[in-house]
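To start, the structure under review is shown below, and the notes come after it.
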Amino acid sequence: MIKEDLIYEILSVVEEIPEGRVASYGQIARLIGRDKNSRLVGKVLSMAEYYGRYPCHRVVNHAGRTAPGWREQRLLLEDEGVEFRKNGCVDMKRFQWNA
DNA sequence: ACTTTGACCGGTC
DNA sequence: TGACCGGCCAAAG
């Protein structure tokens, strides 16, 4: 089990990510004052569907890599205008959300 | 109490 | 970017 308050904090931040923008796990972790818990953020997001409808597809790792085993994520982002490089990574330089 | 496991991160080269 | 590496920390076994 993961603490409810932690889940709420993470999801409330994810909810703020604007369309056509992406955020990294570490970035989320920092925004909730837990800069060292980026891995937990990923864990929570992996079950985000269970807690409600959140734009969890706008979260990638620091290199701009999309989540493993989730092919749809890339399409969802492209629909919002986020561009990918040949290697399959988001162009963080241009699309990372500056909160 | 100890070990392993993750949708991870920041230096450094 | 990319590869390599040591660090992080809650959870589950």
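All chains are named by letter (A, B, ...) in the order of the sequence lines, taking the proteins before the strands, and each is independently numbered beginning at 1. Predicted, not measured: the structure shown is a model, and the values here were computed from it.
- Per the geometry, CZ belonging to A:Arg39 stands 5 Å off C1' belonging to B:dC8, to the nearest Å.
- Residues A:Asn37 and A:Ala29 approach most closely at C-CB, 4.1 Å, considering heavy atoms.
- One interatomic measurement links the two molecules: CG of A:Leu45 to P of B:dC8, which rounds to 10 Å at whole-angstrom precision.
- In this model, the phosphate group of C:dG2 is approached by a side-chain N or O of A:Asn87 to a distance below 4.0 Å at OP1 or OP2.
- Side-chain contact check for A:Gln27 and A:His62: no donor-acceptor pair (N or O, by modelled atom type) lies under 3.5 Å.
- Pair assignment for B:dA7: none, as no Watson-Crick or G-U wobble contacts are both less than 3.5 Å.
- Cluster membership for A:Ile32 and A:Tyr54, using ILVMFWY side-chain heavy atoms within less than 4.5 angstrom, is shared.
- Contact annotation for A:Arg65: no contact, since no heavy-atom pair falls under 4.0 Å across all strands.
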Q: Show your reasoning for whether salt bridge (charged side-chain N to carboxylate O under 4.0 Å, His left out) applies to A:Glu80 and A:Arg21.
A: CA-CA 8 Å; A:Glu80 297 183 350; A:Arg21 279 299 162 93; over 6 Å; no
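- Within 4.0 Å (heavy atoms only), A:Lys36 reaches sugar-phosphate atoms of the nucleic acid but no base atom.
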Kindly give the atom pairs (protein nitrogen or oxygen, nucleotide nitrogen or oxygen) under 3.5 Å for nucleotides 9-13 of chain B.
| from | atom 1 | to | atom 2 | distance (Å) |
| --- | --- | --- | --- | --- |
| B:dC9 | OP1 | A:Gly26 | N | 3.0 |
| B:dC9 | OP2 | A:His62 | N | 2.8 |
| B:dG10 | OP1 | A:Arg30 | NH1 | 3.0 |

Q: Let me see the working for A:Arg30 and A:Asp35 under salt bridge (charged side-chain N to carboxylate O under 4.0 Å, His left out), right down to the final yes or no.
A: CA-CA 4 Å; A:Arg30 264 197 301 282; A:Asp35 46 318; over 6 Å; no
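- Of the candidate nucleotides C:dA10, B:dA7, C:dC8, C:dA10 has the atom nearest to the side chain of A:Leu40.
- One atom, CE of A:Met47, and another, C1' of C:dA10, lie 12 Å apart when rounded to the nearest Å.
- The distance between atom CH2 of A:Trp70 and atom C1' of B:dC8, rounded to the nearest whole Å, is 17 Å.
- In this entry the distance linking CG of A:Asn37 with C1' of B:dC8 reads 11 Å, nearest Å.
- Judged purely by atom type and a 3.5 angstrom limit, A:Asn61 uses its side chain to pair as donor or acceptor with the backbone of A:Gly64.
- Without hydrogens or angle criteria, A:Gln73 side chain to A:His57 main chain gives a donor-acceptor distance under 3.5 Å.
- In this structure, A:Ile10 atom CD1 and C:dC9 atom C1' are separated by 12 Å, rounded to whole Å.
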